[in-house]
Amino acid sequence: VQLQAFGGGLVQAGGSLGLSCAASGRTFSSYNMGWFRQAPGKEREFVAAVSRSGGMTYYADSVNGRFTISRDNAKNTVYLQMNSLKLDDTATYYCAAATGPRWGSDYAYIKSSYAYWGQGTQVTVSS
């Protein structure tokens, strides 16, 4: 599967931005999906994840209550709505697809659970 992220840009602190990730192929609904981010000089970290049906979502503590992940299986797209953005949210954001059988709260946060990664989109939050 190929993933392509869209929607990054420059936004002021306190503002909002929405990211999209379009997936190729006809089996999108069989993938659990996640968003990760990586700031310069830092490890790539988990942001949010959503189950195949969209019924279960997981968030990093740092974004919980501010970010919302969702998906539209008919459009092969996963979204990340980011509100109340902070300077610390500045990073390259990556979408990823998990195809393995293990999922849930123990696995959604782990990079190795995801087999496919998009190219990343830059989000810069300014003061």
Side-chain angles (χ1 to χ4, degrees):
V1 59
Q2 291 185 324
L3 304 172
Q4 189 166 9
F6 302 92
L10 176 65
V11 61
Q12 285 192 320
S16 298
L17 200 62
L19 304 182
S20 302
C21 175
S24 64
R26 295 182 289 180
T27 57
F28 178 73
S29 60
S30 68
Y31 306 140
N32 296 301
M33 298 296 297
W35 286 96
F36 287 73
R37 66 186 182 187
Q38 188 168 16
K42 294 187 176 181
E43 295 286 324
R44 190 171 298 189
E45 64 176 7
F46 171 78
V47 175
V50 61
S51 62
R52 293 176 177 89
S53 67
M56 293 294 295
T57 56
Y58 307 91
Y59 295 95
D61 290 343
S62 59
V63 307
N64 196 22
R66 300 188 296 121
F67 290 12
T68 302
I69 188 171
S70 61
R71 66 189 296 162
D72 186 337
N73 287 341
K75 296 182 178 180
N76 283 12
T77 302
V78 61
Y79 306 96
L80 185 69
Q81 178 62 38
M82 305 182 293
N83 298 328
S84 302
L85 283 160
K86 304 176 180 179
L87 298 179
D88 287 347
D89 294 320
T90 295
T92 301
Y93 283 71
Y94 298 88
C95 60
T99 60
R102 292 187 290 186
W103 186 245
S105 58
D106 290 338
Y107 298 99
Y109 305 90
I110 304 171
K111 289 191 294 291
S112 60
S113 296
Y114 298 84
Y116 301 100
W117 293 81
Q119 85 287 2
T121 185
Q122 177 67 36
V123 173
T124 303
V125 183
S126 64
S127 58

Minimum-distance pair of heavy atoms, taken over all atoms of [X] and [Y]:
{"X": "Gly54", "Y": "Val50", "answer": "CA-CG2, 3.5 Å"}
{"X": "Ser20", "Y": "Tyr79", "answer": "OG-CD2, 3.5 Å"}
{"X": "Asn73", "Y": "Asn76", "answer": "O-OD1, 3.2 Å"}

Side chains of [X] and [Y]: closer than 4.5 Å at any heavy-atom pair?
{"X": "Thr92", "Y": "Arg37", "result": "no"}
{"X": "Phe67", "Y": "Asp89", "result": "yes"}
{"X": "Leu80", "Y": "Thr68", "result": "no"}
{"X": "Leu3", "Y": "Met33", "result": "yes"}
{"X": "Cys21", "Y": "Tyr93", "result": "no"}
{"X": "Leu87", "Y": "Ser127", "result": "yes"}
{"X": "Ser84", "Y": "Arg66", "result": "yes"}
{"X": "Thr121", "Y": "Leu19", "result": "yes"}

Is a side-chain N or O of [X] found less than 3.5 angstrom from the main chain of [Y], in a donor-acceptor match?
{"X": "Ser51", "Y": "Met56", "result": "yes"}
{"X": "Gln4", "Y": "Gly118", "result": "no"}
{"X": "Arg44", "Y": "Gln38", "result": "no"}
{"X": "Ser113", "Y": "Ala108", "result": "no"}
{"X": "Asn83", "Y": "Gly65", "result": "no"}

Connected via hydrophobic side-chain network under 4.5 Å: [X] and [Y]:
{"X": "Ile69", "Y": "Val1", "value": "yes"}
{"X": "Tyr31", "Y": "Tyr94", "value": "no"}
{"X": "Tyr59", "Y": "Trp103", "value": "no"}
{"X": "Tyr107", "Y": "Trp117", "value": "no"}
{"X": "Val47", "Y": "Val123", "value": "yes"}

Note to self: Tell me if the centroids of the rings in Tyr114 and Phe36 come within less than 6.0 Å of each other.
What the structure shows: yes

Margin query: Run the side chain to side chain contact (heavy atoms under 4.5 Å, CB included) test against Thr90 and tell me which residues pass, sequence neighbours left out.
Written below: Gln122, Thr124, Val125

Notebook entry, point to check: Is Arg71 close enough and on-axis enough to Phe28, meaning under 6.0 Å and within 45°, for cation-pi?
Noted result: yes

Checklist line | For Arg102, salt bridge (Lys or Arg N to Asp or Glu O under 4.0 Å) partners two or more places apart | finding: none

Notebook entry, point to check: Taking it one step at a time, do Phe46 and Trp35 satisfy side-chain contact (heavy atoms from CB on, under 4.5 Å)?
Noted result: CA-CA 7 Å; Phe46 171 78; Trp35 286 96; over 6 Å; no

Next item on the list: Please assess Ser126 against Gln12 for the test side-chain contact (heavy atoms from CB on, under 4.5 Å), listing each intermediate value before the final yes or no.
Entry: CA-CA 5 Å; Ser126 64; Gln12 285 192 320; 3.8 Å; yes

Next item on the list: Evaluate the criterion side-chain contact (heavy atoms from CB on, under 4.5 Å) for residue pair Ser16 and Gln81; output intermediate values, then yes/no.
Entry: CA-CA 8 Å; Ser16 298; Gln81 178 62 38; 3.9 Å; yes

Checklist line | Linked hydrophobic residues, Phe6 as query - side chain contacts closer than 4.5 Å | finding: none

Next item on the list: Would you check if there is a donor-acceptor pair between the side chains of Asp72 and Thr77 at a distance under 3.5 Å?
Entry: no

